Participant: 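I have a structure here, written as structure tokens, and I will follow up with some questions on it.
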Amino acid sequence: MAELRTEEEQVEAIKNWWQENGKSLVVTLAVVVSAVFGWRAWQSNQDASAATASALYESLSASVEAVQQLDDVQVTSMTHLGKQLKDDFGSSAYAPMAAMVLARVYVEQGDLVAAQNELEYVISSEKARPTLIELAKLRKIQILLGQSELDAAATLLASIDDTTYSSLFYELSGDLAYAQGDAAKARDAYRLAMESSDPQTRSLIQLKYDDLASGDS
């Protein structure tokens with residue numbers, strides 16, 4: 001009888017515990033299950049968004065590479081794709097990448113204001129890789145030099161402490177020095193640019209260097 005009473009007491013204790021804690025346990029389990037399924041749904045949505053952004057960027061990039069001379073319809077289509085990426089997927093790394101592609105398109109179309117706007121988007125983006133931001137700065141400097149905005153170009157160039165694109169950096173440093181009338185500084189910069197450039201680029205920089213040398217003779 002003592003053993004049975006003990007079992008009865010155990011059952012009664014379990015019933016009492018369940019009455020006191022059962023509801024909170026059910027709520028806790030519901031919260032945990034909801035969190036798990038919510039996380040999976042969020043993760044699935046993130047994966048789908050990344051895939052869509054990637055597809056849009058690939059479409060934009062491939063369109064630029066496939067066509068030598070863009071017509072108005074193609075430019076409009078690319079602008080739409082780039083805007084969609086920036087508007088709908090602005091928190092992804094593809095948005096600033098798309099802006100770089102659009103900047104190139106606008107430069108080729110002669111719309112330097114639109115190109116600078118896209119480059120500014122990249123420069124101020126929190127999602128852009130540091131190397132992409134550096135390249136955007138260098139591309140903007142090229143535009144500024146072409147517009148003879150030397151002070152703005154010099155300020156932006158000074159903001160680049162270390163760059164992956166050393167050849168372009170030194171070439172633009174040489175272009176700026178030449179535009180400022182400092183031929184010696186320009187030659188030094190071109191020399192550094194040639195040291196880190198590929199053969200095709202080196203030959204073009206060599207022409208600038210030789211022009212300066214012949215000007216001194």
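Remember, predicted model here, so these are calculated numbers, not experimental data.
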Participant: When rounded to the nearest 0.5 angstrom, what distance separates CD1 in I143 from CG in L138?
Facilitator: 11.5 Å
Participant: Search all heavy atoms of T164 against all heavy atoms of E134 and return the closest pair with its distance.
Facilitator: N-OE1, 3.3 Å
Participant: Given the rule that I, L, V, M, F, W and Y join up when any side-chain heavy atoms are under 4.5 Å apart, are Y165 and I123 in one cluster?
Facilitator: no
Participant: Looking at G82 and A98, what are the two nearest heavy atoms and their distance?
Facilitator: CA-CB, 4.5 Å
Participant: Can you see which heavy atom on G90 is nearest to which on A95, and at what distance?
Facilitator: CA-CB, 3.9 Å
Participant: Salt bridge check: are K208 and E171 linked by an N-O gap of less than 4.0 Å?
Facilitator: yes
Participant: Grab the two heavy atoms, one from K127 and one from S92, that are nearest each other, plus how far apart they are.
Facilitator: CB-O, 3.7 Å
Participant: Do you reckon Y121 sits in the same ILVMFWY cluster as L144, going by side-chain contacts under 4.5 Å, direct or chained?
Facilitator: no
Participant: Let's go through K140 and E118 carefully: what are the C-alpha distance in whole Å and the side-chain angles of both, what is the deciding distance for salt bridge (Lys or Arg N to Asp or Glu O under 4.0 Å) to 0.1 Å, and is it a yes or a no?
Facilitator: CA-CA 10 Å; K140 185 178 179 182; E118 297 298 335; over 6 Å; no
Participant: Could you grab the distance from atom OH of Y190 to atom CG of L204, nearest 0.5 Å is fine?
Facilitator: 11.5 Å
Participant: Just wondering, are more than 12 heavy atoms of other shown residues or ligands nearer than 6.0 Å to OH in Y170?
Facilitator: no
Participant: Let me confirm one number: the CD-OG1 distance from Q84 to T79, rounded to the nearest 0.5 Å.
Facilitator: 13.0 Å
Participant: Donor-acceptor pairs are to be reported for all side-chain atoms of residues 147-154 against protein atoms at under 3.5 Å, with residues two or more places apart or in another chain.
Facilitator:
unit_1: Q147; atom_1: OE1; unit_2: Q116; atom_2: NE2; d: 3.3

Participant: Can any side-chain N or O of S197 pair as donor or acceptor with the backbone N or O of M194 at less than 3.5 Å?
Facilitator: yes
Participant: What about I141 and I133, same hydrophobic cluster or not, with Ile/Leu/Val/Met/Phe/Trp/Tyr joined at side-chain heavy-atom distances under 4.5 Å?
Facilitator: no
Participant: So how far is it from Q206 CD to D211 CG, rounded to the nearest 0.5 Å?
Facilitator: 10.0 Å
Participant: Which atom pair, heavy atoms only, marks the closest approach of L168 to L135?
Facilitator: CD2-CD1, 4.3 Å
Participant: Tell me every residue that passes side-chain hydrogen bond (donor to acceptor under 3.5 Å, both in side chains) with S203, counting only those two or more places apart in sequence or in another chain.
Facilitator: none
Participant: Are a donor atom and an acceptor atom from the side chains of Y209 and R191 found within less than 3.5 Å of each other?
Facilitator: yes
Participant: For the residue pair N117 / Y106, report whether a side-chain donor-acceptor contact shorter than 3.5 Å exists.
Facilitator: no
Participant: What distance separates Q142 CD from L119 CG, expressed to the nearest 0.5 Å?
Facilitator: 9.5 Å
Participant: Which heavy atom of D161 sits nearest to which heavy atom of A158, and what is that distance?
Facilitator: OD1-O, 4.1 Å
Participant: Nearest 0.5 angstrom please: S173 OG to K185 NZ, how far?
Facilitator: 7.5 Å
Participant: Could you tell me which residues satisfy side-chain hydrogen bond (donor to acceptor under 3.5 Å, both in side chains) with T131, sequence neighbours excluded, listed by chain and number?
Facilitator: none
